[in-house]
Amino acid sequence: MSNETDQETAASGGEGDILKNSTIPAQQHHHHHHHHIMSTSVEEVDEQVLELVTQSSTTTVDTNNSSRVQKSYKNLHEYSEEMLETEKAGLVERVYDLERQVLEHKDEIVCLKSTLADVLRRLATIDNSYENSTSGSGRGGTGTPASSGAAAGTGGHHAVSDNVSASAQNSLSSKSFRFSRNTLTRLNSTVEEKRFGRVPSRVTSSPSRMKPNLAQKAIHYSNGSLHSDSMSSHSISPAPSPSPRQPNATAMANSHHALLASSGMGKRWSSTGDFVSTPGSPSGTGSSGSMSRFSAKSLLNLSGNSSRQGQSHPYVQRKNDDDEYVKLYISGRPIVIHLPEAQLSTYELTKVQPAPNRRLRLDWAYGYRGKDCRSNLYQLPTGEMVYFVAAVVILYNMDEHTQRHYLGHTDDVKSLAVHPNKLLVASGQCGGHEGRESLPHILIWNSVSLATLNMVGVGEFTGSINCISFSRADSGSILAAIDDSPDKIISIWDWQKKDGGRKITETKCSVDTVVAVEFHPLDKGQIITIGKNHIAFWSLDQNGMLYKRMGVFESFEKPKYVTAISFTQTGDVVTGDSSGNLAVWKRGTNVISRFLKKVHEGPVFTICALRNGGFVTGGKDGLLLLFDEALHMKAEQIVEAHFGAVRVVAQGKGSQLLIGTTKNCILSGDFTLSLVPIVMGHTDILWSLATHPQVAQFVTGGRDRLLQLWDSLSHSVVWSKDIGEPIHSVQISNGGDVIVAGGVGGRWSVFDIVTRELLATYTDGAEVIQCMQFSPDGNLLAIGSKDNCIYIYQCTKVPHRFSKIGKCTGHSSFISHLDWSKDSQILRSNSGDYELLYWNPTLCRQITSQSTVKNLEWATQNCSVSFETIGIWPENFDGTDINSVCKDGEEQFLVCADDFGKIRLFTFPASQPKRLELSGKYSKRLYFRFRCRGERTCVALTAEGNLWLS
């Protein structure tokens with residue numbers, strides 16, 4: 001069926017095709033032309049359509065390609081930016097790492113340099129001591145030291161050979177030590193010349209240039225006060241000052257000057273007035289040579305005044321040689337002082353009393369100023385810690401238990417900074433009233449040689465310099481200082497310029513208190529100041545202009561004070577505030593990137609950046625907190641309350657920490673062991689001191705209510721006791737078993753010197769007990785009160801029991817000083833209005849007859865108004881300027897302390913109005929007592945109760 005259908009369809013289809021083909025030849029002629037036209041039109045249309053399609057497809061392809069290319073470019077750009085950011089972040093990290101490594105290497109180099117310099121300094125000190133010993137044993141090699149002779153004297157026939165070998169050894173030793181001295185000089189010169197472009201001036205000794213009878217020193221420095229040259233304190237003494245010349249001086253003057261030159265004494269010589277030329281000698285001599293700008297204003301005043309020759313002294317008068325008394329005028333009041341009979345025929349007001357043949361030497365400085373100063377404790381690479389108290393900067397070696405002292409300042413030190421090279425130190429001081437050198441200024445000095453390199457800003461500051469800082473990113477070439485004037489001026493100094501440095505710029509810093517100023521350790525010219533109600537970011541441009549940006553707290557709590565500052569190893573700023581918070585300020589910005597609330601209960605006083613990148617914070621709450629690099633707290637340590645709050649923290653050796661407290665103590669320790677006190681002190685004004693009559697101990701008391709017993713051999717506190725009231729006077733009994741302490745309200749108490757137990761309390765009057773003194777035989781005790789009376793007590797066999805004899809009345813002002821005669825029969829006293837009265841203590845009656853007392857010898861010399869102390873009163877002194885005097889046990893020297901911070905040494909008795917003296921300045925005001933025992937002098941000085949010297 002299907003085959004038939006297929007055939008039919010094929011047949012019909014074939015017939016159609018035949019018919020169709022048969023019609024084409026007939027129509028071909030008629031439609032040829034039309035067909036040609038149609039065919040042409042179709043081809044053109046096809047070409048146009050094809051062209052349009054082609055263009056369309058091409059455009060589509062181009063658009064797709066373009067979008068793909070753009071997308072590829074975008075992806076490539078994003079990838080490249082990501083790569084750049086990654087590379088930049090990696091580069092910054094590598095730069096930070098390199099900076100850290102460079103700083104570490106610098107620290108290592110600095111440590112090595114400091115250690116080498118310290119070793120050479122010690123060798124030079126040994127060299128000096130050796131030369132002094134050889135020069136003392138003989139001149140020009142003609143003698144042999146006694147010790148060498150004794151050592152060689154074991155066998156007679158070996159004496160010569162032993163001496164020869166000893167000479168050879170001495171020669172070799174001298175050469176080696178002399179080499180070390182030259183090496184030290186070259187080292188200091190080379191380092192400072194390369195580092196700072198100049199070599200600081202020094203006075204060096206040379207065997208070929210110095211006289212053989214003068215002690216040779218490797219390095220001498222002059223800074224306006226006496227210096228220690230003892231081997232125990234490792235201090236380098238100043239060069240002996242040249243004596244003035246008087247061509248036609250008398251034989252006494254010539255012999256005296258020869259004595260001064262031969263002894264090599266006297267950095268500072270001064271006089272109370274113009275010296276009157278002796279008869280037959282010309283009047284007036286000039287100064288002998290120029291002096292360093294850092295030395296005292298005058299060494300020796302021998303300028304005569306012809307108009308005064310043969311006349312009485314302007315404030316000490318004696319009408320004629322037959323008078324048995326002189327009149328000493330203090331504050332315009334005449335005080336009659338009778339002359340001893342032995343002095344009547346020889347005493348002349350025109351004589352010049354010779355200077356003492358010894359000089360003052362600072363042995364030890366007790367205490368630390370942490371109560372009102374910050375950033376004043378540092379560890380040096382030499383192993384010494386540096387801090388200050390009063391006008392003394394102390395370099396204390398805890399391992400060797402030795403001190404060295406920088407004494408260049410003329411008033412109390414208020415600020416301290418260590419140069420990035422760890423060798424140089426800058427210290428700023430308060431202002432005084434004794435000429436240009438007492439004005440506020442900054443001293444730059446070498447911590448190894450203690451040589452002053454520059455005095456910066458004299459006359460440029462109006463207030464105390466309470467903050468200083470060396471630049472750190474440019475190796476310490478400039479210095480920033482904050483003047484604590486009403487305008488709180490910040491100044492930038494090129495301290496390396498000679499003659500006082502060069503001020504680059506200055507501007508007003510803040511209307512409120514400025515606590516600290518710091519240079520950024522990585523960014524050059526970036527400075528940060530903190531204080532009340534502010535943190536400021538300063539930029540110093542190349543033209544010396546300062547630009548200020550205030551820190552923005554935004555939503556964070558703004559504190560009343562920003563109290564502490566430090567830096568991370570990446571350059572971020574870390575601050576602490578009065579609310580106990582820590583804030584991190586991103587490097588290069590003035591906004592907070594991280595905020596830690598209430599880290600401490602109360603103000604954060606210090607932030608110490610550790611060498612491993614961590615931090616230690618300390619605050620008023622007495623807590624020490626240890627943080628890692630990410631400021632995550634790791635450990636804590638508590639400072640005992642009686643030491644005070646944490647004022648400053650410095651990193652010592654290894655993991656050791658040095659902690660300065662607000663109660664003027666320095667502690668040492670870490671977070672694994674307990675803290676140990678290494679420096680102790682009073683916390684307020686010191687009013688009294690007394691020495692033990694038998695052992696090397698002394699006791700002190702002051703307004704802080706602390707009674708403290710000190711050991712002057714170990715330089716430490718034996719015990720400390722709070723007695724509950726201010727202590728105005730102290731004494732140790734002759735037997736050395738009890739301490740008597742005078743307080744307020746007429747009370748005085750007796751304490752056991754061993755157990756510090758309170759044994760008894762007595763009351764005399766209702767006023768302050770000003771002074772106390774046991775008689776030489778130990779049977780009587782005199783107590784001077786502010787009620788103008790002296791109370792006399794009998795000592796009993798029981799050390800703490802006293803029997804009252806009576807009271808002496810007659811003074812018109814408070815009792816200031818007491819002295820007993822050597823036979824314990826007579827008592828003399830001074831009062832606040834400069835009276836000098838004598839008493840019979842057993843009868844409690846005044847002695848008015850001078851003939852019975854003028855020839856007495858006195859066991860002590862506490863009275864500042866007496867025949868023995870006429871010479872201590874300068875012409876322009878007020879009566880209140882002299883605070884205390886004391887003579888030594890052998891009665892060779894007299895020591896005097898005044899309100900201007902000076903300790904003056906005289907030959908005893910200082911009975912001549914014109915005399916030579918030695919003086920040194922250590923504190924702003926010296927208030928109280930000096931006690932001497934034999935050759936050793938125990939001195940109590942104070943600047944707000946912070947300094948004691950012995």
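As the structure is a computational prediction, the values presented were derived from the model and not from experiment.
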(Q) Contact between L395 and S447 at the side-chain level, heavy atoms closer than 4.5 Å - yes or no? (A) yes
Q: Consider only side-chain N and O atoms of S720 and Q708, and report whether a donor and an acceptor are under 3.5 Å apart.
A: yes
(Q) Taking the six-membered ring for Trp, are Y791 and W748 closer than 6.0 Å centroid to centroid? (A) no
Q. Aromatic rings Y366 and W364: how do their planes relate, parallel, tilted or perpendicular, breaks at 30° and 60°?
A. tilted
Q) Is there a side-chain contact between F908 and Q892, using heavy atoms and a 4.5 Å cut-off? A) no
Q: Give a yes or no answer on whether the side chain of E400 reaches the backbone of Q403 with a donor-acceptor pair at less than 3.5 Å.
A: no
(Q) Any non-hydrogen side-chain atom of R374 less than 4.5 Å from a side-chain atom of F605? (A) yes
Q: Scan side-chain atoms only and decide if H600 and T617 contain a donor-acceptor pair under the 3.5 Å cut-off.
A: yes
Q: Calculate, to the nearest 0.5 Å, the distance between atoms CZ and CD1 belonging to R703 and I685 respectively.
A: 3.5 Å
Q) Is there a side chain to side chain contact (heavy atoms under 4.5 Å, CB included) between V599 and L625 once you walk through the steps? A) CA-CA 9 Å; V599 174; L625 302 180; 3.4 Å; yes
(Q) Checking the side chain of Q637 only, and the main-chain atoms of D670 only, is there a donor and an acceptor separated by less than 3.5 Å? (A) yes
Q) So does R705 pair up with D684, basic N to acidic O under 4.0 Å? A) no
Q) Partners of K797 by salt bridge (charged side-chain N to carboxylate O under 4.0 Å, His left out), sequence neighbours excluded? A) none
Q: Classify the ring geometry between Y368 and Y387 as parallel (under 30°), tilted (30 to 60°) or perpendicular (over 60°).
A: perpendicular
Q. Is there a donor-acceptor contact under 3.5 Å linking the side chains of S829 and H817?
A. no
Q) What's the verdict on salt bridge (charged side-chain N to carboxylate O under 4.0 Å, His left out) for D764 and R747, showing C-alpha distance, side-chain angles and the deciding distance? A) CA-CA 6 Å; D764 290 297; R747 288 185 302 274; over 6 Å; no
Q. Is it true that a side-chain atom of N446 and a backbone atom of L450 form a donor plus acceptor pair closer than 3.5 Å?
A. no
(Q) Could you measure the distance from the CZ atom of R647 to the CD1 atom of I666? Nearest 0.5 Å is fine. (A) 13.5 Å
Q. Between N397 and D399, is any side-chain donor less than 3.5 angstrom from a side-chain acceptor?
A. no
Q. Does a donor on one side chain and an acceptor on the other come within less than 3.5 Å for Q429 and T410?
A. yes
Q.
Using modelled atom types and a 3.5 Å cut-off, is there a donor and acceptor pairing between side-chain atoms of N734 and backbone atoms of P776?
A. yes
Q) Do the side chain of R611 and the main chain of G654 share a donor and acceptor less than 3.5 angstrom apart? A) yes
**Q.** CA sep, side-chain torsions, deciding dist, call: E725, V744, side chain to side chain contact (heavy atoms under 4.5 Å, CB included)
**A.** CA-CA 7 Å; E725 64 177 334; V744 297; 3.3 Å; yes
Q | Under 3.5 Å side-chain donor-acceptor pair for Q773 and N862 | A | yes
Q. With a 4.5 Å heavy-atom cut-off, do L780 and S824 have their side chains touching?
A. no
(Q) Using only atom types and a distance under 3.5 Å, with no angle test, would you say the side chain of H692 pairs donor to acceptor with the backbone of G736? (A) yes
Q: Keeping the roles fixed (side chain from Q861, backbone from C863), state whether a donor-acceptor pair exists under 3.5 Å.
A: yes
**Q.** Minimum side-chain heavy-atom gap L894-T869 below 4.5 Å
**A.** yes
Q. Checking T683 side chain against K663 main chain: does a donor-acceptor pair fall under 3.5 Å?
A. no
Q | Cationic N near anionic O, under 4.0 Å, R369 to D412 | A | yes
Q: Indicate whether the side chain of E640 and that of H642 have a donor and an acceptor atom separated by less than 3.5 Å.
A: yes
Q) How many angstroms lie between CD in Q794 and OG in S775, if you round to the nearest 0.5 Å? A) 8.5 Å
Q. Side chains of D819 and T860: do they bring a donor and an acceptor to under 3.5 Å?
A. yes
Q. Judged by atom type as modelled, is there a donor-acceptor pair below 3.5 Å linking the side chain of T662 to the main-chain atoms of G644?
A. no
(Q) On the six-membered ring of F751, is R756 placed so that its NZ or CZ lies under 6.0 angstrom from the centre and within 45° of the ring axis? (A) no
Q: Ignoring hydrogens and angles, state whether a donor on the side chain of S427 or W445 is under 3.5 Å from an acceptor on the partner side chain.
A: yes
Q) Which value, rounded to the nearest 0.5 Å, describes the distance between D737 atom CG and I739 atom CD1? A) 10.0 Å
**Q.** Reported CG-to-CZ distance for the pair L377 and F388, which is rounded to 0.5 angstrom
**A.** 10.0 Å
Q: Measure the SG-CG distance between C608 and L657 for me, rounded to the nearest 0.5 Å.
A: 6.5 Å
Q) In chain order, what residues pass the salt bridge (charged side-chain N to carboxylate O under 4.0 Å, His left out) check against E891, with sequence neighbours excluded? A) K822, K887
(Q) Testing the basics here: between W719 and I753, what is the closest heavy-atom pair and its distance to 0.1 Å? (A) NE1-O, 2.9 Å
Q) Taking atom types as modelled and ignoring hydrogens, do the side chains of Q697 and S712 form a donor-acceptor contact shorter than 3.5 angstrom? A) no
Q: Give a yes or no answer on whether the side chain of S688 reaches the backbone of G701 with a donor-acceptor pair at less than 3.5 Å.
A: yes
Q. Are side-chain heavy atoms of F906 and P356 found at a separation under 4.5 Å?
A. no
**Q.** E601 CD: over 12 foreign heavy atoms closer than 6.0 Å
**A.** no
Q.
For Y396, run the side chain to side chain donor-acceptor pair (under 3.5 Å) check against R404, H401, H405, H715 and tell me which one passes.
A. H401
